[in-house]
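Just follow the structure's listing: the first ligand is 1, and inside any ligand the first atom is 1.
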Amino acid sequence: MKCKRCGEPAAVNMRQHRLGLCGEHYLNWFVSQTQRLIEKYTMFAPEARILVAVSGGKDSLALWDVLLRLGYQVEALYIDLGIGEGRYSEESKKFVERFAMDRQNAHYRIVDVQATYGKTIPRLASERRGRKVCSLCGLVKRHIMNRVAYEGEFAAVATGHNLDDEAAVLFQNVLHWQVGYLARQAPVLPSTHPHLARKVKPFFRFYERDTAAYAFLRRVDYVYDECPYARGATSIFYKELLNQLEARSRGAKQQFYLSFLQARQEEGLFSESRAQLELRDCEKCGQPTTAPGLCAFCRLWEES
Ligand code: AMP
Ligand code: FES
Ligand code: ZN
Ligand code: ZN
């Protein structure tokens, strides 16, 4: 296969787009495609300050790289969850630090969960038996991202979710007919409360293999280990199922997710369930919550 732009041998073949590109043209395509999506979905304005949440993995480091190349005012946030007894979280942090060292203007901050709140995620989870580590961890991450975005007056929080992530979540939500989640699953979540950050996913149209290709061609070094709690997770199983589907039917993954967005936008699918939930301020931290009294995050730490 040849590069569609210059005729040189293609380095990346995106079957879902029937597009092959050489390394140089692929990198250009990837960056301009991200910019196009930021504009198309009015994610944020050129002068906006953006907080990019980085895990040390390929997607979020690639996103940080692309936003810097596009000239956005970005700052990264790494949340040290204390996972893996000095291994997983420590390793991930090193890749974030290394990324920043290699570049000018790559500013970042770290929130250490144990230093800030007194316990690592595994410790907190061991005291809260019956709750899955990943869901508890997700709750803590969302709270911290929101707090940092609010305190730092960032216009939006950007995460590295790609199409494989989004399609797997959609699949899971459909299998369980989680109507509330389906109503709120979107590449852009507007701020519906003064203390709630706008959330955007500029990579939501890229396949995981395409973000991996970008990271590889740009020599972005990232953590290869997986979170130990992700092993055997159902989301990974759903990704495998969707990959099998994709192997049989090119573009199926993309169509599954994009048709969902289209049905929601054009046909009003789940619009009734999107009716605004009433949000109030948590009595302790001030973050928005639907529950009376304390938010789920504060309850988590109170109970433990
Ligand atoms: P995951 O839920 O691990 O698939 O991560 C989804 C996105 O959340 C990543 O692309 C990052 O943008 C963000 N993220 C995950 N873990 C962290 C972390 N420890 N610190 C900051 N951001 C994170
Ligand atoms: Fe949160 Fe794995 S990263 S449980
Ligand atoms: Zn080319
Ligand atoms: Zn709270």
Item to check | F216/Y214 aromatic ring centres below 6.0 Å | outcome: no
Checklist entry - In a check of side chain to side chain donor-acceptor pair (under 3.5 Å) between Y207 and each of R15, H17, Q16, E246, which one passes? => result E246
Checklist entry - Looking from the Zn ion (ligand 4), what is the angle between SG on C285 and SG on C282, to the nearest 10°? => result 110°
Checklist entry - Should the heavy atoms of other residues, nucleotides or ligands under 6.0 Å from CD of E153 be counted, would the total exceed 12? => result no
Checklist entry - Taking side chain as C-beta onward, heavy atoms only, is Y117 less than 4.5 Å from H143? => result yes
Next on the checklist: Under 6.0 Å from the ring centre and within 45 degrees of the ring axis: does the NZ or CZ of R98 meet both conditions for the six-membered ring of F95?
Outcome noted: yes
Checklist entry - Do H195 and N146 get their side chains close enough for a donor-acceptor pair, meaning under 3.5 Å? => result no
Next on the checklist: Between E39 and Q35, is the side chain to side chain donor-acceptor pair (under 3.5 Å) condition met? List the steps.
Outcome noted: CA-CA 6 Å; E39 287 169 20; Q35 175 61 22; 2.5 Å; yes
Next on the checklist: Checking N243 against K253 for the side chain to side chain donor-acceptor pair (under 3.5 Å) test, could you report, in this order, the C-alpha distance in whole Å, the side-chain angles of both residues, the deciding distance, and whether it holds?
Outcome noted: CA-CA 8 Å; N243 283 339; K253 225 166 16 184; 2.6 Å; yes
Checklist entry - When the ring centroid of Y108 is compared with that of F99, is the distance short of 6.0 Å? => result no
Item to check | Proximal protein heteroatoms (N, O or S) of atom 1 (Fe) of ligand 2, under 2.8 Å | outcome: C137 SG
Checklist entry - If the Zn ion (ligand 4) is the vertex, what is the angle to SG of C295 and SG of C298, rounded to 10 degrees? => result 110°
Checklist entry - How many protein N, O or S atoms are found at a distance of less than 2.8 Å from the Zn ion (ligand 3)? => result 4
